[in-house]
Amino acid sequence: MPELPEVETTRRGIEPLIVGHRLVDVIVRDPRLRWPVPVARLRALRGTRFERVDRRAKYLLLRTDRGTIMMHLGMSGSLRVLAADTPAMVHDHLDLVLDDGRCLRLRDPRRFGSIHCLPRGRDEHPLLAGLGPEPLDPGFDGAYLHARARGRSRAVKDFIMDGRIVAGVGNIYAAEALFAAGIHPGRAAGRISRARCDALARAIREVLRRAIEKGGTTLRDFSNADGDPGYFRIRLSVYGRVGQPCRRCGAPLRALARGQRATVYCPRCQH
DNA sequence: CTTTACGCCTGACGGC
DNA sequence: TGCCGTCAGGCGTAAA
């Protein structure tokens, strides 16, 4: 599932393929994403030119000279740039057709993804307004985490997955970062020392940075009709490894039921 | 204010 | 073999 590193890799993959090209058509095969696809507003952008692709949290922001197309890949979304006449497969819900006979094609089997259209001059959507800092930006560090965590009793795992605290940290990387920092996922966020907040912030940045780096080297290209989108995984320490031995101490990893989501951790290494 | 639960949706998987 | 129940998973929203 696309987490921040996959979204960032997608951004880097599609940006050079679409920038400078004009949007000439919009083909919507199924408008039923998380919210209905704003077909008319997308069509109104025909003729506009793509200027760059940004990312905020797990949202992709396709900047054009007349506004922004904001996309979320949900849990199963992927983007590729293909010849526009490439036969659409099932779950290929939308094409943004470019001026050179190619298209940016969105595939999303579970349809948890979304598309919004932002007019020029209002390039910040309300959904982005309350987001915390990007984990890879300088504003995110142990001091920040420590300050925000004061007085909070909620589990640190939920805390770092809250987009208002830090943007775009999903289940996989939250679990991995907590393992790397030696922090128990159920620990109250407000009961983590400043030093351990430093370690946690560092761990979050590091697992994301490594995954993005890995994406850059293992990902297939974004203009290949045959290849799968190429989502990848770094070598994971805890996620999906319940019952298997901890790579550090050998103890069997356990699952913690947090809400409905399970979190895997090492009972010996994480406190 | 904070925290929790739910619903959206389909593919994968286990049990029978 | 096929059918069915369960679950994962981000995240906005409603509820507590």
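Just so it is clear, the structure is predicted and the values come from calculations on it, not from any experiment.
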Check every atom of [options] against the side chain of [X] and return the nucleotide holding the closest atom.
{"X": "A:E3", "options": "B:dT10, C:dG10, B:dT3", "result": "C:dG10"}
{"X": "A:R152", "options": "C:dC11, B:dT3, B:dG11", "result": "B:dT3"}
{"X": "A:F112", "options": "B:dC9, B:dG7, B:dG11", "result": "B:dC9"}
{"X": "A:R154", "options": "C:dA8, B:dT3, C:dC11", "result": "B:dT3"}

So that I can tick it off, tell me whether A:D54 and A:R11 are bridged by a salt bridge, with the cut-off set at under 4.0 angstrom between side-chain N and carboxylate O. no

Less than 4.0 angstrom from a charged side-chain N to a carboxylate O is my criterion; do A:D25 and A:R46 meet it? yes

Report the distance from atom [atom1] of [X] to atom [atom2] of [N], rounded to the nearest whole Å.
{"X": "A:M75", "N": "C:dG10", "atom1": "CE", "atom2": "C1'", "result": "6 Å"}
{"X": "A:L33", "N": "C:dG10", "atom1": "CG", "atom2": "P", "result": "18 Å"}
{"X": "A:W35", "N": "C:dT13", "atom1": "CH2", "atom2": "P", "result": "6 Å"}
{"X": "A:D108", "N": "C:dC11", "atom1": "CG", "atom2": "P", "result": "13 Å"}
{"X": "A:K157", "N": "C:dC11", "atom1": "NZ", "atom2": "P", "result": "13 Å"}

Identified side-chain contact (heavy atoms from CB on, under 4.5 Å) counterpart of A:L104 within the set A:L94, A:V97, A:L17, A:L62: A:L62

Kindly state whether the ring of A:H72 and the ring of A:Y59 have centres lying under 6.0 angstrom apart. yes

Tell me if the aromatic rings of A:H125 and A:H116 count as close, with their centers under 6.0 Å from one another. yes

Within the pair [X] and [N], is there a side-chain N or O less than 4.0 Å away from OP1 or OP2?
{"X": "A:S153", "N": "B:dT3", "value": "yes"}
{"X": "A:H72", "N": "C:dG12", "value": "no"}
{"X": "A:R34", "N": "B:dG7", "value": "no"}
{"X": "A:Y173", "N": "C:dG10", "value": "no"}

Classify the nucleic acid contact of A:F159 as base, sugar-phosphate or nothing, counting any heavy atom under 4.0 Å across all strands shown. nothing

Heavy atoms under 4.0 Å, any strand shown: does A:R111 hit a base, just sugar-phosphate, or nothing? sugar-phosphate

